[in-house]
Amino acid sequence: MNPISIGKTLMKKWFFLSPSYCIVFLLSWFGLGATPFPIAPFFNLPLILVLVRTKPLGVNLLPLFFTIAIGSGLAYHEPTSPFGNYFDDLKVLIMVGCVISTFTLSPMIMYRAILNYTNIKEPIRNVWYHSWLLFPLLWTATSSLIRRYSPLGSWGDWAYSIYNWGYTGDPLMQMASIGGLSLINLFLALFAQLISDYMIYSYKIKRMNNESLLDSETTSLLNNPNNRIKKLLEYNWYLMFAFGILFMAWIVGGSYRLQQIENNNEPLKTMSIGCILPAPDTSIEDLLKSSDTLATNHNSKIVLWSESAIIIRNQKEFNDMMDKAKLKTKEKKFFLGLTYKIMKKNMLTLIGPNGDIIFDYQKVHPVPLVESYYIEGGQNDPPVKNITTPKTKRDHDTVSINVSGAICLDMDFPELLGKAAKAYLVLSPAQTWSNHIGLHHLRMASVRAIENGYWILRCDGGGASGLIDPLGRIRHLEISPNTKNSQLFSWDIPIKEQKVKTIYAEWGEWSVWGTLIILSMLRLVWIAAWEQSPHQMKDMWDGGVKKIQNGQRWAEQKYNEIFEYQRINELL
């Protein structure tokens with residue numbers, strides 16, 4: 001059999017004989033990437049988990065791996081690629097897809113392996129639902145390690161599939177202010193666990209019931225009060241009910257948080273900040289002239305260039321650039337964010353109105369396969385410096401804020417940007433190769449604002465520039481026209497005495513892991529209690545279930561009384 005026939009046979013098996021693979025492929029394609037359908041992960045992850053848990057891994061793992069890899073690779077497909085030809089772009093897409101597929105399946109396979117190794121198979125011993133928290137723990141831990149050690153940071157993280165976009169933002173994404181992307185991943189994993197449990201147990205009960213009906217001498221298993229699958233499904237309903245309450249609480253809390261806006265009735269200081277997207281082969285003189293325009297005509301107090309605006313070839317060019325920039329900032333009294341490449345370094349330097357250097361920042365994470373082969377990563381953390389704008393003829397008051405900076409891909413490492421949590425404004429120069437990816441990158445950066453409660457000025461030379469507020473709302477957006485002319489933008493940022501404080505900025509990942517440790521300890525205590533005194537625990541459990549059922553009957557009775565009262569009034 002030739003390779004073409006083998007390929008056709010595999011395609012028929014994946015997409016015709018196994019419709020679930022086709023669904024996973026489509027949900028991976030349209031559930032990740034730059035423009036995902038926000039609801040797709042709520043279908044995709046439970047379905048993938050069901051396939052891993054129910055089908056033999058020897059037969060199912062390879063086709064499932066490539067189905068997710070191809071779908072997620074296409075999700076990041078870009079019409080305009082930075083690579084030289086189609087085959088280089090195809091290699092990158094395959095690599096991205098395989099990485100996402102590996103990260104997706106690894107915690108699921110570990111979950112199944114742990115259950116098999118400890119002989120806690122479903123339905124588990126003693127009927128009680130011991131393992132329902134195991135998969136969320138594995139999923140959250142895996143995603144956290146990936147973000148920390150992957151060269152791409154949080155790229156491909158399923159948490160971004162919750163579509164935070166525009167001025168309104170997304171209520172669910174506001175949970176990042178408490179636990180960052182880890183809390184969102186925990187939320188998605190809990191949902192996947194509960195839905196997959198429901199699908200598996202419902203199918204098992206249906207199958208056992210059909211088998212019992214074929215045998216007239218056998219009593220239906222559904223009528224057996226000690227049926228363990230039926231018990232597990234009953235507990236699953238309680239857990240899903242609790243999850244539904246938690247889901248509504250997040251929606252209400254996130255919506256309330258997003259209602260916070262500036263009150264126009266209060267005297268509020270504002271500061272103008274500007275962004276310059278230089279044209280190809282722009283000289284330092286042209287960039288300084290554009291900076292002068294923003295500082296003079298738009299009264300911009302901070303002007304930022306997009307990433308790698310100037311290529312510096314030697315020390316003489318560097319000294320010449322710095323001398324001219326310092327002279328310009330002294331003359332016009334503004335802060336200037338210079339971005340340049342010099343000696344294998346990708347740099348951001350902020351110069352003050354007195355000609356002094358506020359900070360130097362070297363890009364920590366060069367983009368793999370694009371610049372990592374000629375750019376060295378820095379070892380520095382994002383600096384946090386306090387700046388005060390000088391008094392001028394147009395501004396008689398001063399503004400004092402903490403400012404930090406990070407370059408492009410560095411914004412996709414939450415732990416790194418958490419070290420700038422005390423900043424009020426983060427300067428983020430970037431250079432993506434298209435509007436499609438630039439919009440996605442801007443949306444990813446907005447989550448850093450939610451996590452740490454600071455403003456972000458993103459100045460993207462090839463994608464999407466914008467101003468992001470501390471709640472992750474994109475206040476202003478400018479798509480790069482990719483023309484031969486330089487582009488200038490200016491926006492006003494409100495200045496408050498207190499920056500937005502978040503739990504994540506204070507505790508980082510410990511806000512999630514501390515909670516998970518407490519929950520795990522409670523689970524161990526719960527299991528030990530069942531082992532030591534099952535009769536007492538059963539009485540307590542049955543008593544709690546009875547109270548819930550009594551509450552349900554009371555609510556139904558009140559509803560019926562209200563309905564009867566309304567019907568009597570209508571008859572009268």
Side-chain angles (χ1 to χ4, degrees), residues 27-46 48-49 68-69 71-76 92-93 95-108 110 135-165 170 172-192 365 367-368 406 408-418 432 437-452 472 504 508-509 511-513 516:
L27 291 176
S28 299
W29 186 0
F30 297 104
L32 292 171
T35 54
F37 290 114
I39 199 172
F42 292 96
F43 292 96
N44 201 11
L45 287 179
I48 296 173
L49 185 56
I68 301 172
S72 55
L74 288 174
Y76 288 96
V92 173
L93 289 178
M95 181 192 71
V96 171
C98 289
V99 169
I100 294 175
S101 184
T102 301
F103 292 162
T104 302
L105 292 176
S106 295
M108 298 183 181
M110 285 190 290
F135 172 68
L137 284 169
L138 292 172
W139 178 272
T140 306
T142 302
S143 61
S144 179
L145 292 173
I146 290 168
R147 289 194 306 273
R148 195 177 289 267
Y149 298 109
S150 169
L152 289 174
S154 57
W155 275 88
D157 198 302
W158 282 86
Y160 290 123
S161 56
I162 297 179
Y163 200 63
N164 183 69
W165 186 247
D170 185 274
L172 281 178
M173 189 59 78
Q174 294 302 308
M175 70 175 74
S177 64
I178 300 176
L181 295 180
S182 290
L183 186 57
I184 300 172
N185 275 298
L186 178 63
F187 180 85
L188 292 174
L190 277 172
F191 182 84
H365 299 283
V367 179
C408 199
L409 186 63
D410 291 344
M411 295 294 294
D412 306 321
F413 289 79
E415 288 78 11
L416 178 66
L417 266 294
T432 51
I437 295 297
L439 284 169
H440 180 55
H441 213 180
L442 177 69
R443 187 169 60 84
M444 292 172 63
S446 69
V447 183
R448 305 290 86 76
I450 301 174
E451 291 169 345
N452 300 289
Y504 183 84
E509 295 288 314
S511 59
V512 176
W513 290 110
L516 292 177

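Rounded to the nearest 0.5 angstrom, Ser182 OG and Phe187 CZ are separated by 15.0 Å. The CD1 atom of Ile48 lies 5.0 Å from the OG atom of Ser28; values are rounded to the nearest 0.5 Å. Separation of atoms NE2 (His441) and CE (Met411) is listed at 8.0 Å; rounding is to 0.5 Å. With rounding to the nearest 0.5 Å, the separation of OG in Ser72 from CG in Asn44 is 9.5 Å. Here the CG atom belonging to Leu152 is positioned 11.0 Å from the NE2 atom belonging to His365, to the nearest 0.5 angstrom. Atom CH2 of Trp158 is separated from atom CG of Leu32 by 4.5 Å, given to the nearest 0.5 angstrom.
In plain terms, the two heavy atoms of Ala189 and Pro136 that are nearest each other are CB-CA, 3.6 Å. Minimum interatomic distance between Leu409 and Pro151 (heavy atoms only, all atoms of both residues): CD2-O, 3.7 Å.
A 6.0 Å sphere centred on CZ of Phe43 holds no more than 12 heavy atoms belonging to other residues, nucleotides or ligands.
Looking only at side-chain heavy atoms (C-beta outward), Leu172 and Ile184 stay at 4.5 Å or farther from each other. Contact check for Trp139 versus Met108: side-chain heavy atoms found under the 4.5 Å cut-off. Asn452 places none of its side-chain heavy atoms less than 4.5 Å from the side chain of Pro414. With a 4.5 Å cut-off on side-chain heavy atoms, Pro46 and Phe191 count as touching. Put simply, the side chain of Met110 reaches to within 4.5 Å of the side chain of Thr142, judged on heavy atoms. Counting heavy atoms from C-beta outward, Ile178 and Tyr504 have side chains that stay 4.5 Å or more apart. Using a 4.5 Å cut-off on side-chain heavy atoms (C-beta onward), Phe413 and Arg147 make no contact. Residues Glu451 and Leu181 form a side-chain contact, since some pair of their non-hydrogen atoms from C-beta on lies under 4.5 Å apart.
Between Thr140 and the options Leu190, Leu183, Leu186, a side chain to side chain contact (heavy atoms under 4.5 Å, CB included) holds for only Leu186.
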Practice item. Check step by step if side chain to side chain contact (heavy atoms under 4.5 Å, CB included) holds for Arg448 and Ser154. Key: CA-CA 11 Å; Arg448 305 290 86 76; Ser154 57; 4.1 Å; yes

Exercise for review: Just do the side chain to side chain contact (heavy atoms under 4.5 Å, CB included) check on Met173 and Ser446 with the steps written out, would you?
Suggested key: CA-CA 10 Å; Met173 189 59 78; Ser446 69; over 6 Å; no

**Study point:** side chain to side chain contact (heavy atoms under 4.5 Å, CB included) between Leu145 and Tyr149, intermediate numbers included
**Key:** CA-CA 6 Å; Leu145 292 173; Tyr149 298 109; 3.9 Å; yes

Exercise for review: Kindly indicate, with the supporting measurements, whether the criterion side chain to side chain contact (heavy atoms under 4.5 Å, CB included) is fulfilled by Leu49 and Leu45.
Suggested key: CA-CA 6 Å; Leu49 185 56; Leu45 287 179; over 6 Å; no

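Neither side chain, Asp157 nor Ser143, offers a donor N or O lying under 3.5 Å from an acceptor on the other.
Remark: side-chain polar atoms of Ser101 are not paired, donor with acceptor, to backbone N or O of Gly97 under 3.5 angstrom.
Classified by interplanar angle (parallel below 30°, tilted 30° to 60°, perpendicular above 60°), the ring pair His440/Tyr160 is perpendicular.
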